[in-house]
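Notes follow once the structure below has been shown.
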Amino acid sequence: MQTDYGKLRWEQVRDIDKDRVVILNVSATEDHGPHLPLDTDTVLGMAVANGVAEAMPDRVLVMPPVSYGFNEHHKDFPGVIWIQPETLIAFVTDITKSLAHHGFRRILLLNSHGSNHPVLDLAARKTVIETGIICVSASYWNLCADRINEIRVSDTGGIAHAGEFETAIYMHLLPELVALDRAENQTVHDPDSRFFNLDLARGGGKAMLMRWWSAASPDGTMGDPTVATADNGKAFLAAAIEETAALVREIQALPLLDRKDHH
């Protein structure tokens, strides 16, 4: 069963079950240290989305990715393509409103770049307000954080940006593009901090401060990629796919509610 939205013909779009969950991966093109390619976020996000589609082909459609994100704070590193948050919100919302126009009622904005999280939250909210459909945003690592911590080798701080988690999954998917011999441990974590926990799988930050990336990281990474293995990457990816699939099942089960204006 075809799950790639771009491979459908228009008659198929017209006739397909509109309660399928349409997954739109929004990622980034940016530095991931000297050991990973610029397309890391897109490769990983689409691996999750396509893995979900393979697991439940009758429940989802996968959109072509939005491969650029809100990441101007990375631009001191060559190769970064940044989109202003207002532009990205408008662009993503135009996509979701297009899908709603064609009758789709359930959309998952699947984030694979950290600074997109607040942008996609707002895009999802705007979609619901403007169309009345269900639109959910989620960063895939948040969905499987507990399982990441069961697999990981690195200490707290080792999974932040181009650290153990992303490096391991990329090694599993495209090992020939990973230069692990150039990776260094750039773990930055203050165990005495109550609010700034720089680890995606152990709570992230209860408060948010995003500095210029070149001020926080000497090589574009944050975490410990040196302990990454392809075997762990396979396990990380399986966990992300399974937990995202669980979210899809819940999205499909959500009722469509009518608003009530009490003026």
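Both backbone and side-chain heavy atoms feed into the values below; hydrogens, waters and symmetry mates do not.
Between Arg20 and Val60 the shortest heavy-atom distance is NH1-O, 2.8 Å. The minimum heavy-atom distance linking His73 with Trp212 is given by the pair O-CE3, 3.5 Å. Nearest heavy-atom pair across Val128 and Cys135 is CG2-N, 3.8 Å. Counting all heavy atoms, side chain and backbone alike, Ala201 lies closest to Asn149 at O-ND2, 2.7 Å. Considering every non-hydrogen atom in both Ser137 and Leu120, the closest pair reads CB-O, 3.6 Å. Nearest heavy atoms, Thr167 versus Pro225: OG1-CB, 3.4 Å.
In this structure the side chain of Glu166 never reaches within 4.5 angstrom of the side chain of Leu200, judged on heavy atoms. Ile16 has its side chain within reach of Phe104: a pair of non-hydrogen atoms, C-beta onward, lies under 4.5 Å apart. Side-chain contact between Arg106 and Leu256 is present, with heavy atoms from C-beta onward closer than 4.5 Å. In this structure, Ser112 and Leu44 have side chains that are not in contact, with every pair of non-hydrogen atoms separated by 4.5 Å or more. In this structure the side chain of Thr221 reaches within 4.5 angstrom of the side chain of His35, judged on heavy atoms. No side-chain heavy atom of Phe91 sits less than 4.5 Å from a side-chain heavy atom of Ile83. The closest side-chain heavy-atom distance from Asn232 to Glu164 is below 4.5 Å. Between His189 and Asn197 there is a side-chain heavy-atom pair separated by less than 4.5 Å.
In summary, of the residues considered (Leu110, Val62, Leu109, Leu99), a side chain to side chain contact (heavy atoms under 4.5 Å, CB included) with Leu24 occurs for Leu109 alone.
A distance of 6.5 Å separates OG1 in Thr127 from CD1 in Ile133, rounded to the nearest 0.5 Å. Between Lys75 atom NZ and Asp31 atom CG the span is 13.5 Å, to the nearest 0.5 Å. Rounded to the nearest 0.5 angstrom, Thr29 OG1 and Tyr68 OH are separated by 5.0 Å. In this structure, Ile107 CD1 and Ile134 CD1 are separated by 10.5 Å, a value rounded to the nearest 0.5 Å. Here Asn116 contributes atom CG and Ser139 contributes atom OG; the two are 8.0 Å apart, rounded to the nearest 0.5 Å. Distance check: Ser115 OG to Met208 CE gives 7.0 Å after rounding to the nearest 0.5 Å.
By the neighbour-count criterion of 12 heavy atoms within 6.0 Å, atom CD of Gln12 is densely surrounded, having more than that number from other residues, nucleotides or ligands. Around the NZ atom of Lys126, the shell of radius 6.0 Å holds no more than 12 heavy atoms that belong to other residues, nucleotides or ligands. Counting non-hydrogen atoms of neighbouring residues, nucleotides and ligands closer than 6.0 angstrom, the CZ atom of Arg125 reaches no more than 12 such neighbours.
Ile251 and Leu61 sit in two unconnected hydrophobic clusters of ILVMFWY residues. Membership requires side-chain heavy atoms under 4.5 Å apart, directly or through other members. If you chain together hydrophobic residues whose side chains sit under 4.5 Å apart, Leu122 and Phe70 fall into the same group. Transitive grouping of hydrophobic side chains (ILVMFWY, heavy atoms separated by less than 4.5 Å) brings Met56 and Leu143 into a common cluster. When hydrophobic clusters are built by joining Ile, Leu, Val, Met, Phe, Trp and Tyr residues whose side-chain heavy atoms come closer than 4.5 Å, directly or via intermediates, Leu254 is grouped together with Val248. Under a hydrophobic-cluster definition in which Ile, Leu, Val, Met, Phe, Trp and Tyr are linked whenever side-chain heavy atoms come within less than 4.5 Å, directly or via other members, Leu36 and Leu177 are assigned to the same cluster.
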Check: Given Tyr170 and Val43, is the side-chain contact (heavy atoms from CB on, under 4.5 Å) satisfied, shown in steps?
Finding: CA-CA 8 Å; Tyr170 211 114; Val43 168; 3.9 Å; yes
Next item on the list: Apply side-chain contact (heavy atoms from CB on, under 4.5 Å) to the pair Leu88 and Val66, showing each step before the final yes or no.
Entry: CA-CA 9 Å; Leu88 189 57; Val66 176; 4.2 Å; yes
Next item on the list: Step by step, work out the side-chain contact (heavy atoms from CB on, under 4.5 Å) result for Leu237 and Tyr140.
Entry: CA-CA 10 Å; Leu237 180 59; Tyr140 73 86; over 6 Å; no
Next item on the list: Using the side-chain hydrogen bond (donor to acceptor under 3.5 Å, both in side chains) rule, take Thr187 and Asn185 through it: C-alpha gap first, then chi angles, then the decisive distance, then the call.
Entry: CA-CA 6 Å; Thr187 298; Asn185 183 351; 2.6 Å; yes
Next item on the list: Tell me, with the steps shown, if Gln252 and Arg249 meet side-chain contact (heavy atoms from CB on, under 4.5 Å).
Entry: CA-CA 5 Å; Gln252 260 200 325; Arg249 283 189 285 271; 5.7 Å; no
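Inspection of the Asp224 and Ser154 side chains reveals no N or O donor paired with an N or O acceptor under 3.5 Å.
Here the side chain of His113 pairs no donor or acceptor atom with the backbone of Val26 at under 3.5 angstrom. Using modelled atom types, no side-chain atom of Thr244 and backbone atom of Ile241 make a donor-acceptor pair closer than 3.5 Å.
Partners of His161 under the ring-ring contact (aromatic ring centres under 6.0 Å, His included) rule, at least two apart in sequence or in another chain, are His32, His74, Trp213. With sequence neighbours left out, the ring-ring contact (aromatic ring centres under 6.0 Å, His included) criterion links Phe236 to Phe165.
Under a 4.0 Å N-O distance rule, the pair Arg202/Asp199 does not qualify as a salt bridge.
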